[in-house]
Amino acid sequence: MSDEYIVEMRRITKRFPGIIANDDISISVKRGEIFALLGENGAGKSTLMSMLFGMYEPDEGEIFVRGQKVSLSSSNAAAALNIGMVHQHFKLIHNYTIAENIILGIEPLKKWMGLFPYVDIKNAGEKIRELSRSYGLEVDPSLRIDDVNVSTQQRVEILKMLYRQAEILIFDEPTAVLTPQEIEFLLGVMRELRNKGKTIILITHKLEEIKQIADRCAILRRGKLVKVLSVKDASTQEMANLMVGRVVSFTREKSPPRFGETVLEVQDLSVRNEHKFEVVKNVSFSIRRGEIFAVAGVSGNGQVELADTLAGLLKPWKGRIILKGKNITAEKIRPRTEAGISYIPEDRQRYGVVLDFNLGENLSIKNYYWPPLSEHGVLSDEAIRNYAGDLILRYDIRSGQGVKTLTRSMSGGNQQKAIVAREISLNPDLMIFVQPTRGLDIGAIENIQRQILDERDKGKAVLLISLELDEVMNLADTIGVIFKGELRNISPAGKLSTGEVGEYMMGVRS
Ligand SMILES: Nc1ncnc2c1ncn2[C@@H]1O[C@H](COP(=O)(O)OP(=O)(O)OP(=O)(O)O)[C@@H](O)[C@H]1O
Ligand SMILES: [Mg+2]
């Protein structure tokens, strides 16, 4: 046992019903390095790190921390060894404030009149502000989690770990929900942490991030360790091929568009948030059959509110939404689904799936009452099983027990694949997709983007809202840039360079 390694996981095996999530995996992490974990959706990355964080115990194998064999039976045990983790799915309490979430479990106490203990939330708020300023992760500690967007929630998770002075920091896909600018910031934060002697384990699907920041990278495939490599000696293509087990293509073949009649027309739409602030301002655009209309923009510029309003989750303040010539501005969600709208929301675990339903139920949750899944009001278990089983195959949704798998137990990327599969197969005229490939591995992204292009070629109208400029440039026929709630510069995709779109997104060009 050398002192060089701060963490050693030896011959770790973890089984779940129907699947070996980790199969005899050994990794050693050096003190002060950034160690990346790469692998397809469901390869076993989160499971492996959850064991280091004490959330599960391995069925077989041993874990050593600072040379000592340890038994990590709870996350408190891990925290006592200065191990911290930012989870892939936030573990925040929604009706608590940011400050309350960050100090939860280690509340600073003060005594009133020297007698009665109370939580010194004011002091904690100050400390949090200071932390967030010094790492560039600005938050307002007094806001409730319910009232902040996904990217802010992610920041809270990061701050929570920093507040606890963890030394071994596990980040499970921390950048999946951040903007390119925020990612740059976070990578800067990680470098800073490494310079201060901390050890970082980073799970990510973004190869450029690994290239930019990691020292070594372990590649997992279907529960097994494929290879550990030194990042500076490996190309991104090489890493991609190793993780997927085949050659991966980064560019999409796209046929020339054939536009048909108008499917969606948005007229002068404005949306106000609860503080009466106009988050979507006088937005007008239309989408035709066979067209992918992409809204590019930095997160927080109104794109989520625009999508929620079109899907019926939010009410507009003014303006009209016309679907296939019919005014649906006042319709609720279900009639919109029936009229031919499908929706992939930004926050998949809140609005995308019911975690306590099984995979088959989630795949049929929007159309279970349509034939052939129901006949004369009677659900057909067999039809649902076949329907869901077919989607599982076509979209390569990986899980332990197929249709019967509890959705909560599925890996994040596979939950996302399930949502995409469900929404595309509703066979809608209009698909509203917010970040459809978020959290997916590069092989899965290739598959999903291919499917979206196929739908467009079949004459569907697609509204794509993405923070990934690459995705916008790869898929869009028409691009509009949203900035401070205004949709500007609507132009055919070929007219704009990636650089120009980027500048519009930042508001430096108008
Ligand atoms: N609590 C659980 N119960 C049952 N099965 C589980 C549980 N946790 C994970 N699994 C299964 O173990 C496998 C590995 O899941 P894991 O979450 O580790 O994947 P991952 O590599 O993190 O994938 P992703 O990139 O999608 O997040 C998956 O097939 C998943 O369905
Ligand atoms: Mg995971």
Side-chain angles (χ1 to χ4, degrees), residues 9 12-25 27 35-59 61 75 85-91 154 157 170-177 201-207 209-210 217-226 239-240 242-245 248 348-349 352-353 355-360 362-363 392 395-421 435-448:
M9 301 184 83
I12 301 285
T13 292
K14 179 72 188 172
R15 298 182 192 90
F16 290 117
I19 199 160
I20 306 179
N22 288 165
D23 189 357
D24 198 16
I25 295 181
I27 56 164
F35 186 90
L37 266 185
L38 179 68
E40 288 177 291
N41 298 124
K45 307 175 296 293
S46 296
T47 302
L48 189 65
M49 286 305 112
S50 297
M51 286 187 282
L52 183 56
F53 192 58
M55 294 170 66
Y56 303 123
E57 288 189 85
D59 296 327
S75 28
M85 180 159 179
V86 175
H87 296 276
Q88 181 170 9
H89 298 114
F90 322 127
K91 306 225 177 279
Q154 179 74 81
E157 285 285 6
I170 306 166
F171 287 85
D172 194 349
E173 294 187 44
T175 63
V177 292
I201 304 177
L202 170 66
I203 300 178
T204 180
H205 290 293
K206 299 181 183 167
L207 297 165
E209 280 169 16
I210 297 181
C217 172
I219 297 174
L220 305 186
R221 194 193 314 148
R222 296 185 184 254
K224 292 199 168 70
L225 180 70
V226 179
M239 292 193 272
L242 274 172
M243 79 173 255
V244 183
V248 180
R348 63 184 168 217
Q349 292 207 328
V353 288
L355 289 170
D356 291 317
F357 280 13
N358 69 35
L359 177 55
N362 269 306
L363 286 171
I392 289 171
Y395 289 84
D396 190 23
I397 305 169
R398 298 188 195 171
S399 67
Q401 297 163 295
V403 183
K404 289 268 166 279
T405 311
L406 188 68
T407 306
R408 186 183 293 285
S409 79
M410 290 167 54
S411 85
N414 283 294
Q415 291 176 7
Q416 177 75 4
K417 285 193 225 168
I419 297 171
V420 176
Q435 300 271 79
T437 59
R438 190 182 109 194
L440 296 190
D441 68 61
I442 40 177
I445 290 176
E446 194 184 354
N447 181 19
I448 298 290

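Whatever order the structure lists them in is the order used to number ligands and atoms, beginning at 1. Positions are given from 1 along the sequence.
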Give the intermediate values and the outcome of salt bridge (Lys or Arg N to Asp or Glu O under 4.0 Å) for residues Arg398 and Glu40.
CA-CA 10 Å; Arg398 298 188 195 171; Glu40 288 177 291; 3.2 Å; yes
Shortest protein heavy-atom distance from [atom], along with the residue and atom involved:
atom                    : result
atom 30 (C) of ligand 1 : Ser409 O, 3.5 Å
atom 29 (O) of ligand 1 : Ile19 CD1, 3.2 Å
atom 23 (O) of ligand 1 : Gly42 N, 2.7 Å
atom 1 (N) of ligand 1  : Tyr56 OH, 3.0 Å
atom 25 (O) of ligand 1 : Lys45 NZ, 2.8 Å
atom 17 (O) of ligand 1 : Ser411 CB, 3.4 Å
atom 18 (O) of ligand 1 : Thr47 OG1, 2.6 Å
atom 27 (O) of ligand 1 : Gln88 NE2, 2.9 Å

Nearest heavy-atom pair of [X] and [Y]: which atoms, and what distance?
X      : Y      : value
Met239 : Cys217 : SD-SG, 4.3 Å
Ser46  : Asp172 : OG-OD2, 2.6 Å
Thr407 : Leu359 : OG1-N, 3.6 Å

Is there a heavy atom of [X] sitting under 4.0 angstrom from any atom of ligand 1?
X      : result
Gln416 : no
Ala43  : yes
Glu40  : yes
Glu173 : yes

Please identify which atoms of ligand 1 are closer than 4.0 Å to at least one heavy atom of [X].
X      : value
His205 : 25 (O)
Gly412 : 26 (O), 27 (O)
Ser46  : 17 (O), 18 (O), 20 (P), 22 (O)

Check whether any N or O atom of [X], backbone or side chain, sits under 3.5 Å from an N or O atom of ligand 1, and answer yes or no.
X      : result
Asn41  : yes
Gly44  : yes
Met410 : no
Arg398 : no
Gly413 : yes

Report yes if some heavy atom in the side chain of Lys14 is under 4.5 Å from a heavy atom in the side chain of Pro58; otherwise report no.
no
Less than 4.5 Å apart, side chain to side chain, heavy atoms only: is that true for Met49 and Leu52?
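Yes, their side chains come closer than 4.5 Å.
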Within a reach of under 6.0 Å around [atom1] of [X], are more than 12 heavy atoms found that belong to other residues, nucleotides or ligands?
X      : atom1 : result
Lys224 : NZ    : no
Phe357 : CZ    : no
Arg222 : CZ    : no

Verdict with reasoning, Arg408 to Asp356, per salt bridge (Lys or Arg N to Asp or Glu O under 4.0 Å)
CA-CA 6 Å; Arg408 186 183 293 285; Asp356 291 317; 3.0 Å; yes
Distance-only donor-acceptor check, side chains Glu173 and His205, under 3.5 Å:
yes
For Thr204 and Glu209, which I'm curious about, is there any donor-acceptor pair between the side chains at under 3.5 Å?
yes
Asn41 near the Mg ion (ligand 2) via N/O/S, less than 2.8 Å
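No - counting backbone and side chain alike, Asn41 has no N, O or S atom under 2.8 Å.
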Stepwise side-chain contact (heavy atoms from CB on, under 4.5 Å) check, Ile27 with Leu225:
CA-CA 9 Å; Ile27 56 164; Leu225 180 70; 4.2 Å; yes
